[in-house]
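Data first, discussion second: the structure below is written as C-alpha cells.
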Amino acid sequence: SEDPLMNGLNNRYCVLEVSILQRNGSDAEKHLTVTASQSLQDTELCILRNGWESVPVVPGDIIHLEGECSSGTWIIDEQSGYLILYPDLLLSGTTISKSIRCMRRAVLSERFKGSESGSRQTLVGTILHEIFQQSVTNNLAQEKLEELANKIVYGQKYLKEMYHLNLRQTEILREVEEYLPSFLKWAEDFMHNPANQNKMQLKLSNDGKTEDFSCKVEIADILDIEENIWSPRFGLKGKIDVTARVKIHRQPGVQCRVMPLEVKSGKESNSIEHRSQVILYTMLNLERRVDPEAGFLLYLKTGTMYPVSGGRMDRRELMKLRNHVAFYLMHSTHESAMGRQNSQLAALPPVVDDSQACKYCSQVHNCFLYGRAVEQKMDSVSFPPAMVPIIERETQHLKPSHLEYFSLWYLMLTLELQSGEGKKGYKNIWMMPSLEREKAGDCVGNMIRVEEVQEISEGEYLHIFQRGNGTIPGTNLLVGDRVVVSGEENDLLGLATGYVNEVSVTKISCLLDRNLSKLPKNVIFRLDHEEGNFGIGVTFENLSKLMKDSPVSERLRNLIIDFHKPRFIQHLSSVLPPEAKETVANILKGLNKPQKQAMKKVLLSKDYTLIVGMPGTGKTTTICALVRILSACGFSVLLTSFTHTAVDNILLKLAKFKVGFLRLGRAQKVHPDIRKFTEEEIFRSKSIKSVADLEKVYNSQAVVATSCMGVNHPVFVQRQFDFCIVDEASQISQLICLGPLFCSKRFVLVGDHQQLPPLVLNAEAKELGMSESLFKRLEQNQNAVVQLTVQYRMNSKIMSLSNMLMYEGKLECGSEKVSNATVNLPNLIKLELDLADASKTWLKNVLDPGTPVCFLNTEKAGCNPSDIGIISPYRHQLKTITDLMAKLKENRVEVNTVDKYQGRDKSIIIVSFVRNSNEENLGALLKDWRRLNVAITRAKHKLIMVGCVPSLSHYPPLEKLLCHLQSEAMISFFSVLFSGAHENLHMCNIL
DNA sequence: GCTCTGCGAAGAGGA
C-alpha cells in the first residue's frame, strides 16, 4: 500500500484535471479529477457549483476538501462543502479581511511586510489592547485599571516604538486614559451586571437547526488572550484578542459557549472587514474546540459590543476570497511561451478604480511600481482609465533602467522565494509526525514541560521542556535558533514561537512569546525549527525602497543601477581636521602600503570605495584602522556585515583600541565579550525609563554595528551616518547589502569576488544574475577600487597556488618571515623513528615541514578519503570525518565546510576533495573557481590536499591547479597512495 | 545535486 497525501481532517488532494461544464439553463459547473494517492491513481471526482466554480484551480494544485463524499464524488455547493486551495499556505485573518476592499493590496502586503510603518494610532491601539486584555483577565477595578495603564505606558515594552514614532509617554497616557471609563462600562455591562444590558440578536444552532434569537450575554471567564491558532484545514492563521467562556441568557435557560472576542480601539464602524475578521476567528476556533458559530466585536472607545454570527454563506464567501488571494500568491510567476527555464512575472489582482482609496493605502507605492514596471507591458492587463495618469505620475521619477532593474530583481526574488518554500516551509510541522522529522534534526518531539514558567521580561517567558523518555536525539536546534512550539496533537499547532535558550542532553529551554502554563499538565509538545525565508522579505523591502521618490534612493539608483562614476575629492586636508592629524598618522604607521592607500581613498570618497581584500591581507585590521581613523576625524560610522560573527570579529579588535560603539542585534547571537555593548545589556545595567533615556543610549556612540538585516531598527529611522562599512560584501546578496546603505552618506564595501558569492537556491534566478553581489557589480568602476595585496597568512609556496589560479601574481608576502614560515611539529622526531620502514615514507614526506604543499593522489589506493581531513566541500564528508575523529578521541581539530571556512585560517589545512568516480555528472560545488580559491588559501604553513587526480581533472579549476602542481614540481609526493596507507595514520595523534 | 545565514509575529488604525 502506498502513502496517501494526507488523511482525515487535513486531507490533501492533488488536482489532475479541470473541466468546465455548461448546462442548459443552469450555472456552470467545474469538475475536478482529484487523487489522494502519491502515485496519482485512485481518482475521485469533485463537483463545484453555485459559485464555487469560480475558484481558480488548475491541474497540479493541492487542495483540501470539506463536506460529503459519496461513492467517490465530492459535491461542493451552496448547502455544503468547502474547497481550500493550497491549504498549507496559511493566510491571516487580517490579510483576508483586507482583501475585501482591495485584493491587490492584500497580496502586496504579503510580499512587502515592512511597508506599513506604524503610526500614533496603531501604537495607541496596541497599548490599549494590552491594557484591556490584562484588565479583564485580572478583573480590575477603577484605581487598579489606572495603575495598570500607567505601568504599561511607562514600561519598557513600547519605548522603542515610541522612539521610532517620536512620541512621548505623557501624550500616549493622556490618550489612553480617555478610554478607561468605557472599559469599566463594558465590564459592568457584560461581566458584572449582564441583566442590565440591552438584548442582542444571536444566530446559533440548537439540536441540529439554526435559531435566530434575542438574548443577553455574559462574559463568564477569560480563557486566553492573544491565542495563536493555525488551521491547515481552512488554510488560515491568526491571533485571537480574547477567548472567552460566554453565558447566553435567553428563555428558557442559559447556554454556555467558548467564543472569540475581537477588540477594536478605532472608530466604531461595525464594518464588513471587522465582522469578517470575527467570522474567520470562529473558524480558527474550530481547530481547538466546538464550533462557536458566533463571536463578538468590541469597540473600546464606547464599550459597545456587537454580536457577529457567521453563517455558512459568510464563511463560504470568505473561503472563496482566501482561495483567490492564495491563488495570486502561489501564481506569482508563470512559464513563458518561450519554453521551460524561462519564467515571467504574473499579473497581480487588478488595480481598483478608486483613487480615493489609494490615497490612504500603505502599498500604493509598490502597487503602482509593479503596474508600471511589470504589468504595463502585458497585453492581458489594463488599468482603470482614471488610474493611468495617477500611476504615471507616481512613477515618473523612475527611468526605464530603474524599471528594468525592478522587474528583473522582482522576478529573481520571486523565483528564489518559490525554491525556499518548496524546500522549507511550515507545512512539515503539521504534515510530518515529529518522529519522522526528528531524523532530519529539525524537530524534537515527545517533550513535556517541567518546572515553573519564568517571565524574563514583558512578553518573554522561559519554558523548560524535557524529553518524555530520556535523552534528546541528535538535533540541529542550536541556542538562539527560532522555534515553533506545538502540541503533538494536531489541534495544538503553533501554540507559541520563540528562541532556543539552552540545549542539554535531556532538556531544552526556550524563551517564548506566550505563557503555556495554563495548558493541561499532560500536553506533549514538539519543538520545530522555524525555517521562515525571512531574508527574501528584506530583499523585497529594499528593492521597493530603492525605487522611492526620495533623495537617498535617487542617489543609490544613480550609483547602483546607472553606474554613475563615484566621485572623489582632491585633497585630504579638507576632510582631515587638524586636531586629528596626529592620531591618524599614528594609526597609519601600523599599516602597509596598500592598506594606507585604502584609508586615503575612503577619506577622499564622496560616494563609495571598494576594498578588495585578497586572502590573508588583513581585512579585519584594515577595517578596524578605518573605523578608528574615521571616528578620530569626527565621522559617524555604521559597521555591518551579513553575519554576526563577522561583525563581532571587527568589534573584538576595535574594543582593544578603546573605540566606543553600540552593538545592535539579539544578544544571544552576539559574541560574549561584545554583549555588554548590546541594547539588551545596556537596558539591564542602566535604568531606561523614558524615551529620552532611550534616545540617549541610541545617540551615545558615533559607531554603531549590526548585521545587514538588523538595519530595520528604529535607530536608523532617526540617525544618518557619514560612512557605512560593509564587510564580507562579496558574499552578500545585492539587495541585502543595500539595506544599510540607505542610512549613510557614503559607503565602503570590503570583499573579494574571487571568493564565494552569495548563496542562491533557485537555478533560474542564479542564471539571471541573482548571485551577483553589489561588490561585484560596482567593481567595474575601477577608480573606486583599492586592492589589498600584501598578505600575512600563507607562506610563499601556498600563496603561489592562488596567485596562479586567481590573482595574476598580484599577491605578495608581507615579510620574509611570512614567506618562509613552516609548520612547527616538535614531536615529529619521535614519530620519524616509527616511520622508518618503507611503507610509511609517504607519511614522512607529507609531514615534512619543508613541504608546504602536497597533493595525495588516492586514485588506486581505495583509501577512503574520509580517513583524513579538515575541510571539504561536502557536509556528509565532514560528518564521516567527525565521527572518525571522535573514535580517535580527537576533538581539537576543527572540521568544517569550505564555505564556512571563508574568512578564517589555520596553520595546517587538509582539504578532502572527496570525488572519486568517473561518473559523468560532476557535482556543481567543485566547478566553482571561487570555492577552490577559498579552500587553498586557508592554510598558513601547510596545505595537504587529498583526492583522486583523474576524477578531479574533469573539473576545470582543479585541472588547472593539478597541472600547476605538476609543472612546478611542488608536489613532494605525487605518486599514488597505496592501499591501506591510512592504517598508518593513527600515529599522527602525537602531533 | 547536496554549499545555508539572516529575522518576531498578525494586527495595531485610517477611509
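So you know, we letter chains A, B, ... as the sequences are listed, proteins then strands, and number each from 1.
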Can you check whether [X] has a side-chain N or O nearer than 4.0 Å to OP1 or OP2 of [N]?
{"X": "A/Lys267", "N": "B/dG14", "value": "no"}
{"X": "A/Ser119", "N": "B/dA12", "value": "no"}
{"X": "A/Tyr281", "N": "B/dG11", "value": "yes"}
{"X": "A/Arg875", "N": "B/dC4", "value": "yes"}
{"X": "A/Lys900", "N": "B/dT5", "value": "yes"}
{"X": "A/Thr94", "N": "B/dA10", "value": "no"}
{"X": "A/His644", "N": "B/dC7", "value": "yes"}

Between the SG atom in A/Cys361 and the CG atom in A/Asn366, the distance rounded to the nearest 0.5 Å is 9.0 Å
In terms of side-chain geometry, is the basic nitrogen of A/Glu227 or A/Arg288 positioned less than 4.0 Å from the acidic oxygen of its partner?
yes
Flag the pair A/Glu175 and A/Arg120 as a salt bridge only when some basic side-chain nitrogen lies within less than 4.0 angstrom of an acidic carboxylate oxygen.
yes
A/Phe112 ring center near A/His365 ring center (under 6.0 Å)
no
Applying side-chain contact (heavy atoms from CB on, under 4.5 Å), run through A/Ile429 and A/Val484 and close with a yes or a no.
CA-CA 9 Å; A/Ile429 300 179; A/Val484 179; 4.1 Å; yes
Listed range with range, the stems formed with DNA chain B by at least 3 consecutive Watson-Crick or G-U pairs (under 3.5 Å) are none
Donor + acceptor pair across side chains of A/Thr643, A/Glu728 (<3.5 Å):
yes
